[in-house]
Number of protein chains: 2
Amino acid sequence: MASIKDVARLAGVSVATVSRAIAIPEKVSEKTLKKVNDAVALSGYRPNLLARNFRSSRSFCIVVMVPDITNPFFSQVIKAIEDRAQQRGYAVLLGDTRDQNSREQEYVHRVETRLADGLIQLRPNEIHVDGDPLPIVYACGCENVPNCSVTIDNTLAAKKVVDYLVSLGHTRIGCLTGLRENPHSMERLAGYRQALEAAGLEYSEQYVSEGDFTLGSGQDAAKKIMCQAKPPTALFCMSDQMAMGAIQALQAQGVQIPQQVSIVGFDNIAYAEFWHPTITTVSQPAEEMGKRAVDMLVSIIEGKEFTHESKILPTQLIVRDSSGAAPKDPA
Amino acid sequence: MASIKDVARLAGVSVATVSRAIAIPEKVSEKTLKKVNDAVALSGYRPNLLARNFRSSRSFCIVVMVPDITNPFFSQVIKAIEDRAQQRGYAVLLGDTRDQNSREQEYVHRVETRLADGLIQLRPNEIHVDGDPLPIVYACGCENVPNCSVTIDNTLAAKKVVDYLVSLGHTRIGCLTGLRENPHSMERLAGYRQALEAAGLEYSEQYVSEGDFTLGSGQDAAKKIMCQAKPPTALFCMSDQMAMGAIQALQAQGVQIPQQVSIVGFDNIAYAEFWHPTITTVSQPAEEMGKRAVDMLVSIIEGKEFTHESKILPTQLIVRDSSGAAPKDPA
DNA sequence: CTGTTAGCGCGTTCAA
DNA sequence: TTGAACGCGCTAACAG
């Protein structure tokens with residue numbers, strides 16, 4: 001593989017001139033520029049960016065850590081991140097961490113060892129890093145993180161969902177959560193409780209069923225929560241995938257949706273509006289969060305200012321066909 | 001940030017000894033090893049892998065180029081790739097190329113400039129690279145590529161689908177393709193034609209409608225193909241997403257599936273078995289292709305042998321509820 | 001405008 | 001077992 005030396009020899013100039021001709025062509029005479037360009041073309045020279053990065057102590061690479069890339073919501077965010085990062089001159093290293101701390105640490109390590117300039121954390125958990133602070137931005141997470149973050153108000157969003165269900169006349173409102181220790185679950189559950197309280201409805205653990213945001217867990221949680229004496233007439237599901245699972249499981253039992261049970265999801269993934277029935281859900285600004293996270297991270301990396309700025313983006317309740325008025329005489 | 005020099009000074013040894021203590025601790029006396037380890041801990045030293053990579057001319061990073069990360073099939077493959085790559089000591093650079101050659105070239109460039117050791121191409125198109133050949137493996141693509149590849153027999157898979165529909169008594173079988181110039185479309189269309197011919201059915205452009213593998217395009221293509229005098233009683237869709245769109249669009253028009261029209265998809269993405277109705281489809285071994293692609297690529301990178309090995313993995317027709325016997329008196 | 005020199009942090013000689 | 005010296009490819013400082 002041709003190196004800068006070969007080009008210099010071929011062009012009959014010094015390596016410094018070649019370097020300049022490539023980086024700042026306007027500071028090189030027309031004649032030598034041509035010689036260099038010819039030599040580059042002739043030798044098929046490609047600058048060794050490994051060397052350049054080493055010299056500049058920069059990798060122009062950012063890590064994005066995600067619990068599960070196959071979750072459509074995350075893949076949407078990641079697409080936006082990749083797009084923006086590319087525009088800003090950065091490549092994206094994919095860290096599918098499967099919610100495992102050990103995997104996260106490996107990627108954090110890449111930043112510590114300079115293989116990446118910074119990191120975007122999509123999992124709503126704080127990253128533990130001993131030693132110097134790293135350029136980290138949290139996206140799609142929760143509010144109470146020490147670093148920069150761009151997220152939504154999960155509590156408020158959940159509250160709006162339950163308010164809406166209450167306005168439809170529902171009084172027995174169930175909740176399908178992610179893992180209970182997940183910050184998203186906790187914040188949204190808080191919103192759920194607040195809304196119940198505001199409506200004068202009692203909170204009961206009977207009406208809360210734990211899943212893990214996946215479709216399969218939505219099926220299981222829905223089945224479990226519905227087999228009791230006075231089952232809910234509405235279910236607030238903390239992800240669209242769980243809502244899909246819930247709908248599927250209930251329909252399989254012959255339950256009419258929304259006539260007998262209303263279902264509301266969260267995320268507004270692309271499939272939500274094509275499901276049968278179409279799913280009422282909370283829309284998160286996925287692209288916007290991805291783009292902003294990149295911009296924040298890049299400004300930290302390039303400015304080296306560790307701000308604590310935290311941006312809360314608005315959500316929107318999208319009403320579709322999976323929710324409706326409470327049944328007159330619930331089972 | 002502490003460098004190897006700092007550690008050497010702190011431990012009262014040379015940098016070479018520090019380097020050795022870290023890379024090959026058994027070749028260092030117990031006493032100095034301890035001194036070095038203490039110094040490392042004290043200084044919070046992290047080896048600068050940028051420097052190490054530069055020295056070894058390796059980045060331990062592979063690029064995966066994908067047309068669209070939000071396509072669930074691809075995200076499944078990528079998850080497998082990330083997992084395997086991590087095991088093998090490589091990180092994955094995400095290249096969402098949106099089917100644009102210019103974006104592809106940027107990522108190819110990263111390999112040429114050593115920022116990545118190799119590349120996995122998920123788009124079924126050949127990569128043009130002038131200059132020295134690069135470590136490239138094609139996955140989920142087609143058969144006729146010059147490099148290593150791991151893929152399926154698209155023609156055969158499509159043929160099996162149509163054979164199956166014929167066996168159900170369908171004689172007017174439509175086809176919803178991806179972009180016509182897409183190699184997947186071409187190979188699967190060939191299989192479609194072969195099966196028609198084998199069954200003594202005539203091929204007609206009237207029964208072929210172009211989309212781009214997305215759900216929305218499936219809706220449009222389905223609507224278009226169904227509004228003719230003798231519409232198909234079965235549709236072979238070249239992706240599950242198009243099948244979902246087709247089902248959605250036809251149901252919206254009051255068409256019963258599969259009683260009036262049978263629908264078959266391709267890919268067997270996770271949602272296919274939860275759709276309403278559940279979708280008959282061709283299962284591709286997504287994880288297997290991802291894992292194998294990584295293994296092939298790593299062996300090329302580390303062995304530097306550019307084999308032309310090409311592995312064809314089997315597919316499976318999964319019959320579900322979206323397909324059934326041809327109607328007795330089609331509209 | 002151009003060439004010479006030096007050094008980024010590391011791994012690898014070669015001697016001691 | 002250890003240390004001194006070198007060089008990977010590139011860019012920045014300085015001198016010419």
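So you know, we letter chains A, B, ... as the sequences are listed, proteins then strands, and number each from 1.
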**Message:** Given D/dG3, D/dC10, C/dC10, identify the nucleotide with an atom nearest to the side chain of B/Asn48.
**Reply:** C/dC10
**Asked** OP1 or OP2 of C/dG11 less than 4.0 angstrom from a side-chain nitrogen or oxygen of B/Ser56, does that happen here?
**Response** no
**Prompt:** Which part of the nucleic acid, if any, lies within reach of B/Val15 when heavy atoms closer than 4.0 Å are counted: base, sugar-phosphate only, or nothing?
**Reply:** nothing
**Message:** Taking 4.0 Å as the cut-off, does a side-chain nitrogen or oxygen of B/Thr17 come that near to OP1 or OP2 on D/dG3?
**Reply:** yes
**Request:** Determine: side-chain N/O of A/Arg52 to OP1/OP2 of D/dT11, distance under 4.0 Å, yes or no.
**Result:** yes
**Prompt:** What integer distance in Å separates B/Arg58:CZ from D/dC8:C1'?
**Reply:** 16 Å
**Asked** Separation of B/Ile4 atom CD1 from C/dC8 atom C1', in whole Å?
**Response** 13 Å
**Request:** Taking the side chain as every heavy atom from C-beta outward, state whether A/Arg114 and A/Phe54 have any pair of such atoms under 4.5 Å apart.
**Result:** no
**Message:** Could you tell me how far apart B/Glu26 (CD) and D/dT1 (P) are, to the nearest whole angstrom?
**Reply:** 10 Å
**Message:** I want to check one thing: is the phosphate of D/dG9, taken as OP1 and OP2, less than 4.0 Å away from some side-chain N or O of A/Ser19?
**Reply:** no
**Gap between atoms NZ and P, on B/Lys31 and D/dT1 respectively (whole Å)** = 13 Å
**Item:** Closest to the A/Ser29 side chain, choosing from C/dG9, C/dT2, C/dG3
**Value:** C/dT2
**Request:** Take atom CD of A/Glu30 and atom P of C/dC1, then tell me their distance rounded to the nearest Å.
**Result:** 11 Å
**Request:** Using whole Å, report how far CD1 of A/Ile24 lies from P of D/dA12.
**Result:** 8 Å
**Request:** Would you kindly compare B/Gly12 and B/Arg55 by the position of their nearest DNA chain D nucleotide and give the one closer to the 5′ end?
**Result:** B/Gly12
**Item:** Residue B/Ser3, side-chain heavy atoms: nucleotide from C/dG9, D/dG3, D/dT11 that is nearest
**Value:** C/dG9
**Asked** Hey, does the side-chain of A/Arg20 have a donor or acceptor N/O within less than 3.5 Å of a partner on the base of C/dG3?
**Response** yes
**Item:** Test side-chain contact (heavy atoms from CB on, under 4.5 Å) applied to B/Val92 and B/Ile62, step by step
**Value:** CA-CA 5 Å; B/Val92 172; B/Ile62 63 176; 4.2 Å; yes
**Asked** Quick one: B/Asn53 CG to D/dG9 P, roughly how many Å, whole number?
**Response** 15 Å
**Request:** Specify whether B/Tyr90 and B/Phe60 have parallel, tilted or perpendicular ring planes, treating 30° as the upper limit for parallel and 60° as the lower limit for perpendicular.
**Result:** tilted
**DNA chain C: 5'-proximal contact among B/Pro47 and A/Lys27 (nearest heavy atom)** = A/Lys27
**Asked** Between A/Ile120, A/Ile127, A/Thr151, which is the residue that forms a side chain to side chain contact (heavy atoms under 4.5 Å, CB included) with A/Tyr138?
**Response** A/Ile127
**Asked** Within less than 4.0 Å of OP1 or OP2 of C/dC8, is there a side-chain N or O belonging to B/Lys5?
**Response** yes
**The single option from B/Asp38, B/Asn37, B/Thr32 passing side-chain hydrogen bond (donor to acceptor under 3.5 Å, both in side chains) against B/Lys34** = B/Asp38
**Request:** Send over the distance from A/Ile22 CD1 to D/dT11 P, rounded to a whole Å.
**Result:** 7 Å
